[in-house]
Novice: 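After the structure tokens below, expect a handful of questions from me.
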Amino acid sequence: MLVHTLFLSKLQPATAFIAPVCASMEMNYPIDIYRKLFKLHQGSFNFPWASWRVSGCKLCVAMRRVTVRLVIGLFVAVLSLLAEHCWADGGGPSLAERVIWAVNAGGESHTDIHGIHFKKDPLEGKLGKASDYGMRLPILRSSPEDQILYQTERYNEDSFGYEVPIREEGDYILVMKYAEVYFAQSQQKVFDVRLNDHVVVKDLDIFDRVGHSTAHDEIVLFSIRRGKLSVQGEVSTFNGKLTVEFVKGYYDNPKVCALYVMKGTLDDVPKLQPHPGLEKREELEEDEEEETEVGEEGGKKSASTAPKYRVQSGPRTPNPYAADNSSLMFPILVAFGVFIPTLFCLCRL
């Protein structure tokens, strides 16, 4: 109001006497007073402030509407970001709620420390054999409350498996739990695992991976979208059922201790406790250098090697040549070769 009065007073000295009246009337009629004043003095000077004033008011209303919409949009965006952040921090479904199917193979129902409920084995009395041989052994890398998941198992003299119904599309994870509680060396139990005819685990030797009575989890990532199953770079038609099959190999029978399917990513899977042999093996593998071979020109070049499958748990397999003592046998054989003729000659005397 005061700005308007000063502006009018500076436009023309003749309007100085009108300014107080304008100021007093502007309290109740801010737009009409300008229109009347400009009509009175339209002949003495050109003053288009009235049209600017009316247009300015319309512009202010439009600006206010746009500002309100921007503020509301910004508010909604902030709320969505906060919701996503809370979801990532645990505000979303818990681990147990993401698990769509879980079974304690060869054992009774059990709820682990993460809240995952493992149902009783549905193959009981139908296929394969249940074993609780591992109940007499403590299982390394597993919490005391959940050792039961690794102490019982189901095996079969031929291939066997489980069917998991999946109705929703998305990214999934299959977690299979194992522990070798019977054999005490590698190459005694070796088998494959197939997922809807896709081989996802090849030549699984539990003892070779982690040793005896030690927990080991095999993790397989897969996705289902538009009626297609994608796993490890392979795609096939999906009919609503996921078949997890344990395929018999050349060494003994296939088995599994427990397994579950959940929605999520690899970071969502609970990790087993550290394994000293595993840590040592990973350090050794990191320190290994690529093999080199001498070229025809005498220079050394790096040998091209195929990607190695990194074992995620277990001690290093013993080197069968590490204990080769053939170099010590040579002097012993020489000694026997000298001793026997000498003894024969002495007996002839």
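Along the sequence shown, residues carry numbers from 1. What you see is a predicted model, and the numbers here were worked out from it, not measured in a lab.
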Novice: Taking Q151 for its side chain and L137 for its backbone only, find out whether a donor-acceptor pair lies under 3.5 Å.
Specialist: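 Pair found, side chain donor or acceptor close to backbone of L137.
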Novice: Could you tell me whether E218 and R209 make a salt bridge, using a distance below 4.0 angstrom between a side-chain N and a carboxylate O?
Specialist: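 Yes, E218 and R209 are salt-bridged.
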Novice: Apply side-chain contact (heavy atoms from CB on, under 4.5 Å) to residues V244 and L174 and explain how you reach the verdict.
Specialist: CA-CA 9 Å; V244 185; L174 168 65; 4.0 Å; yes
Novice: Consider only side-chain heavy atoms of I, L, V, M, F, W and Y, link residues closer than 4.5 Å, and tell whether M262 and I219 are in one cluster.
Specialist: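 Same cluster.
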Novice: Evaluate the side-chain proximity of H216 to E180: yes if any heavy-atom separation is below 4.5 Å, no if none is.
Specialist: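 SC-SC contact between E180 and H216 ruled out.
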Novice: Please list, chain by chain and in numerical order, all residues satisfying side-chain contact (heavy atoms from CB on, under 4.5 Å) with T237, sequence neighbours excluded.
Specialist: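 T237 satisfies side-chain contact (heavy atoms from CB on, under 4.5 Å) with K228 only.
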Novice: Determine whether a donor-acceptor pair (N or O, by modelled atom type, separation under 3.5 Å) exists between the side chain of T214 and the backbone of H212.
Specialist: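 Yes.
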Novice: Counting N and O atoms only, with roles assigned by atom type, does the side chain of D121 sit under 3.5 Å from a partner on the main chain of G106, one being a donor and the other an acceptor?
Specialist: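 Confirmed, D121 side chain pairs with G106 backbone.
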Novice: Could you list the residues that satisfy ring pair (Phe, Tyr, Trp, His ring centres under 6.0 Å) with F238, not counting sequence neighbours?
Specialist: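 Ring pair (Phe, Tyr, Trp, His ring centres under 6.0 Å) list for F238, sorted by chain: empty.
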Novice: Run the side-chain contact (heavy atoms from CB on, under 4.5 Å) test against E234 and tell me which residues pass, sequence neighbours left out.
Specialist: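 Scan of E234 (side-chain contact (heavy atoms from CB on, under 4.5 Å), adjacent residues dropped) gives H198.
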Novice: Look only at the side chain of R141 and the backbone of Q273, and say whether a donor-acceptor pair between them is shorter than 3.5 Å.
Specialist: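 Checking the backbone N and O of Q273 against the side chain of R141, a donor-acceptor pair under 3.5 Å is found.
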Novice: Provide the closest heavy-atom pair for V256 versus A105 in the form atom of the first, atom of the second, distance.
Specialist: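 So the minimum-distance heavy-atom pair works out to O-CB, 3.4 Å.
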Novice: So if you build clusters from Ile, Leu, Val, Met, Phe, Trp, Tyr with side-chain heavy-atom gaps below 4.5 Å, do V200 and I206 land together?
Specialist: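 The answer is yes; both residues are in one hydrophobic cluster.
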Novice: What do the steps show when you test N104 against K120 for side-chain hydrogen bond (donor to acceptor under 3.5 Å, both in side chains), and what is the final call?
Specialist: CA-CA 6 Å; N104 181 22; K120 181 180 178 179; over 6 Å; no
Novice: Quick check for you: to the nearest 0.5 Å, what is the distance between I148 atom CD1 and I139 atom CD1?
Specialist: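 I148 atom CD1 to I139 atom CD1 measures 9.5 Å (nearest 0.5 Å).
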Novice: Are the aromatic rings of F222 and Y172 close, with centres under 6.0 Å apart?
Specialist: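 For F222 and Y172, the ring centres are under 6.0 Å apart.
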Novice: Between R194 (side chain) and G161 (backbone), is there a donor-acceptor pair under 3.5 Å?
Specialist: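 The answer is no, because no donor-acceptor pair under 3.5 Å joins these two groups.
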Novice: Go through it in stages, so that I can follow the logic: the residues are S236 and D197, the test is side-chain hydrogen bond (donor to acceptor under 3.5 Å, both in side chains), and I'd like the CA-CA distance, side-chain angles, deciding distance and then a yes or no.
Specialist: CA-CA 9 Å; S236 63; D197 295 330; over 6 Å; no
Novice: Taking all atoms of both residues into account, what is the closest heavy-atom pair of P122 and V103, and its distance?
Specialist: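 Here P122 and V103 meet closest at CD-CG1, 3.6 Å.
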Novice: Enter the distance from E169:CD to S223:OG here, rounded to the nearest 0.5 Å.
Specialist: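 It comes to 9.5 Å.
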Novice: SG of C257 to CD of Q147: how many Å apart, nearest 0.5 Å?
Specialist: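 Answer rounded to 0.5 Å: 12.0 Å.
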Novice: Enter the distance from I116:CD1 to R98:CZ here, rounded to the nearest 0.5 Å.
Specialist: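 One gets 10.5 Å once the value is rounded to the nearest 0.5 Å.
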Novice: Consider only side-chain heavy atoms of I, L, V, M, F, W and Y, link residues closer than 4.5 Å, and tell whether L149 and V193 are in one cluster.
Specialist: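 Cluster IDs for L149 and V193 differ.
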Novice: Spell out, as yes or no, whether a donor-acceptor pair under 3.5 Å connects the side chain of E245 to the backbone of L195.
Specialist: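 Here the side-chain-to-backbone pair does not exist.
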Novice: Restricting to side-chain contact (heavy atoms from CB on, under 4.5 Å), what partner residues turn up for P270, sequence neighbours left out?
Specialist: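 L95, H114, Y260.
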Novice: Once rounded to the nearest 0.5 Å, what's the spacing between atom OG of S131 and atom CG of N253?
Specialist: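 Answer rounded to 0.5 Å: 11.5 Å.
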Novice: Just grab all the salt bridge (Lys or Arg N to Asp or Glu O under 4.0 Å) pairs involving residues 144-153, residues at least two apart or on different chains.
Specialist: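 Passing the test, one end in residues 144-153: E153-K255.
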Novice: When rounded to the nearest 0.5 angstrom, what distance separates CD in E108 from CG in D132?
Specialist: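 The CG atom of D132 is 10.5 Å from CD of E108, to the nearest 0.5 Å.
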Novice: If you look only at pairs with a residue in residues 134-161, which of them pass as a ring-ring contact (aromatic ring centres under 6.0 Å, His included), with sequence neighbours excluded?
Specialist: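 As it turns out, the ring-ring contact (aromatic ring centres under 6.0 Å, His included) pairs with a partner in residues 134-161, which skip direct neighbours, are F160-F246.
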Novice: Show the nearest heavy-atom pair for residues V220 and M176, with the distance to one decimal.
Specialist: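 Closest heavy-atom pair between V220 and M176: CG2-CE, 3.9 Å.
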Novice: Mind checking salt bridge (Lys or Arg N to Asp or Glu O under 4.0 Å) for D158 and listing every partner two or more places apart, or none if nothing turns up?
Specialist: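 Listed in chain order: nothing, the list is empty.
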Novice: Determine whether a donor-acceptor pair (N or O, by modelled atom type, separation under 3.5 Å) exists between the side chain of S230 and the backbone of V235.
Specialist: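 No; judged by distance alone, with no hydrogens or angles, the pair does not exist.
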Novice: Check whether any side-chain heavy atom of V190 lies under 4.5 Å from a side-chain heavy atom of Y250, and answer yes or no.
Specialist: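 Answer no - side chains too far apart.
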Novice: Do I100 and L259 share a hydrophobic cluster (ILVMFWY, side-chain heavy atoms under 4.5 Å, transitive)?
Specialist: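 Linked, I100 and L259 end up in one cluster.
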Novice: What heavy-atom pair brings F183 and F207 nearest, and what distance separates the two atoms?
Specialist: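 Answer, listing the atom of F183 first, then F207: O-CD1, 3.8 Å.
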Novice: Please identify each residue that fulfils salt bridge (Lys or Arg N to Asp or Glu O under 4.0 Å) with D171, with sequence neighbours left out.
Specialist: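 With neighbours one apart ignored, the set is R225.
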Novice: Does K271 NZ have over 12 foreign heavy atoms under 6.0 Å away?
Specialist: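 Yes - once you tally the heavy atoms of other residues, nucleotides and ligands closer than 6.0 Å, there are more than 12.
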Novice: Can you list everything that forms a ring pair (Phe, Tyr, Trp, His ring centres under 6.0 Å) with Y182? Sequence neighbours excluded, please.
Specialist: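 Counting only residues at least two positions away or on another chain, Y182 forms a ring pair (Phe, Tyr, Trp, His ring centres under 6.0 Å) with Y133.
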Novice: Quick one: salt bridge (Lys or Arg N to Asp or Glu O under 4.0 Å) pairs with a partner in residues 182-192, sequence neighbours left out?
Specialist: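 Every salt bridge (Lys or Arg N to Asp or Glu O under 4.0 Å) pair that includes a residue of residues 182-192, provided the two are not neighbours, is K189-D252, D192-K202.
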Novice: With sequence neighbours left out, what residues match E157 under salt bridge (Lys or Arg N to Asp or Glu O under 4.0 Å)?
Specialist: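 E157: salt bridge (Lys or Arg N to Asp or Glu O under 4.0 Å) contacts with K129.
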Novice: Where is the tightest heavy-atom contact between Q232 and V199, given as atom of each residue plus distance?
Specialist: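 Residues Q232 and V199, closest heavy atoms: OE1-O, 3.6 Å.
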Novice: Do V261 and Y162 share a hydrophobic cluster (ILVMFWY, side-chain heavy atoms under 4.5 Å, transitive)?
Specialist: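 Linked, V261 and Y162 end up in one cluster.
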Novice: Using every non-hydrogen atom in the two residues, find where A96 and G115 come nearest and quote the distance to one decimal.
Specialist: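 So the minimum-distance heavy-atom pair works out to CB-O, 3.1 Å.
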Novice: Is a side-chain N or O of Q188 found less than 3.5 angstrom from the main chain of Q185, in a donor-acceptor match?
Specialist: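 Not a single qualifying donor-acceptor pair exists.
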Novice: Quick one: side-chain contact (heavy atoms from CB on, under 4.5 Å) partners of S109, sequence neighbours excluded?
Specialist: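 With sequence neighbours excluded, S109 shows a side-chain contact (heavy atoms from CB on, under 4.5 Å) to H117, given in chain and number order.
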Novice: For D208, is there any backbone N or O sitting under 3.5 Å from a side-chain donor or acceptor partner on D205?
Specialist: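 Yes: the side chain of D205 pairs with the backbone of D208.
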